[in-house]
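Scroll down for the structure; my scribbles are underneath it.
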Amino acid sequence: RDTFDPPLTIEQLNTFTLNVVPARDLVPMIDDKAMLYQNINCTADRNDIAGCHSIVRSLCEIQFSCGSDGRPVLCECVLDYKYDEPTPIGNVSTSFKEACAI
C-alpha cells in the first residue's frame, strides 16, 4: 500500500479493494491485504515460486471455478496453464482450436 503515491491508508484498502489471493502466492504472504479477499487455487507446479503470482493464471482459475457466463475463455488458459478446453454453448460454428489458431 505504501508503493502508491500518495500511499493508501488501511481504511482505503478495506473500503475500496478486494484482493484475489492464489494459493502459494508469496506476495500476499508478505504484503498488506485488505479485509475483503478471496482465496483461489493455483495450478502452478510446486517448484514454480512465481507461477502463482500470475494475473492471467488467476483469471483462468476464476473462469474455471466460477464459469465464464458464455464469455470466451482465454486461449492461454488451455495452452499455457493446461485447463480443459471449454465446452461450446449454443450454436457455435468455430471450435476452440480454430478460435485460438492452434
Side-chain angles (χ1 to χ4, degrees):
R1 71 182 173 89
D2 293 329
T3 59
F4 292 96
D5 187 20
L8 298 174
T9 66
I10 294 289
E11 181 181 351
Q12 289 170 319
L13 281 177
N14 291 334
T15 303
F16 300 113
T17 64
L18 168 73
N19 291 120
V20 175
V21 182
R24 301 188 332 270
D25 184 351
L26 297 176
V27 174
M29 291 180 192
I30 60 172
D31 200 1
D32 294 330
K33 63 183 176 203
M35 288 177 47
L36 296 174
Y37 64 92
Q38 178 62 52
N39 291 318
I40 63 171
N41 190 30
C42 176
T43 60
D45 292 336
R46 293 254 176 220
N47 60 354
D48 182 357
I49 62 170
C52 293
H53 193 67
S54 164
I55 189 67
V56 176
R57 186 187 298 273
S58 294
L59 179 57
C60 293
E61 179 62 27
I62 292 168
Q63 284 189 321
F64 180 77
S65 299
C66 302
S68 63
D69 197 29
R71 293 176 188 87
V73 173
L74 297 175
C75 296
E76 292 90 336
C77 296
V78 176
L79 302 176
D80 297 340
Y81 301 118
K82 311 301 182 225
Y83 284 91
D84 294 336
E85 279 189 26
T87 304
I89 299 174
N91 191 14
V92 177
S93 62
T94 304
S95 72
F96 182 81
K97 289 181 180 182
E98 291 169 330
C100 291
I102 299 174

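Here the structure is a predicted model, which is why all the values come from computation and not from measurement. The chain is numbered in sequence order, starting from 1.
- Both Met29 and Ile49 are members of a single hydrophobic cluster when ILVMFWY side chains are connected at heavy-atom separations under 4.5 Å.
- The two residues Ser93 and Glu98 come nearest to each other via the heavy atoms O-OE1, 3.9 Å.
- Taking CD1 of Ile62 as the start and CG of Asn41 as the end, the distance is 11.5 Å to the nearest 0.5 Å.
- Looking at every heavy atom in both residues, Pro72 comes nearest to Gln63 through O-NE2, 3.6 Å.
- In this structure, Leu59 CG and Tyr81 OH are separated by 10.0 Å, a value rounded to the nearest 0.5 Å.
- The line from OG1 of Thr43 to CZ of Arg57 is 4.0 Å long, rounded to the nearest 0.5 Å.
- Expressed to the nearest 0.5 Å, how far CG of Asp31 lies from CG of Leu26 amounts to 12.0 Å.
- More than 12 non-hydrogen atoms from other residues, nucleotides or ligands lie less than 6.0 angstrom from CG of Leu18.
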Derivation of the side chain to side chain contact (heavy atoms under 4.5 Å, CB included) call for Asp25 and Cys42 = CA-CA 8 Å; Asp25 184 351; Cys42 176; over 6 Å; no
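- Atoms CG and CG, from Asn19 and Asn39 in turn, are 10.0 Å apart once rounded to the nearest 0.5 Å.
- In this view, Ser65 and Glu61 satisfy the side-chain contact (heavy atoms from CB on, under 4.5 Å) rule, not counting sequence neighbours.
- Val20 and Val27 are not part of a single hydrophobic cluster, where members link through side-chain heavy atoms under 4.5 Å apart.
- Here the shortest heavy-atom pairing between Asp48 and Gly51 reads OD1-N, 3.0 Å.
- Between Asp84 atom CG and Phe96 atom CZ the span is 10.5 Å, to the nearest 0.5 Å.
- Considering every non-hydrogen atom in both Ala99 and Thr94, the closest pair reads N-CG2, 3.7 Å.
- Enclosure of atom CD in Glu11 is not indicated, since only 12 or fewer non-hydrogen atoms of other residues, nucleotides or ligands lie within 6.0 angstrom.
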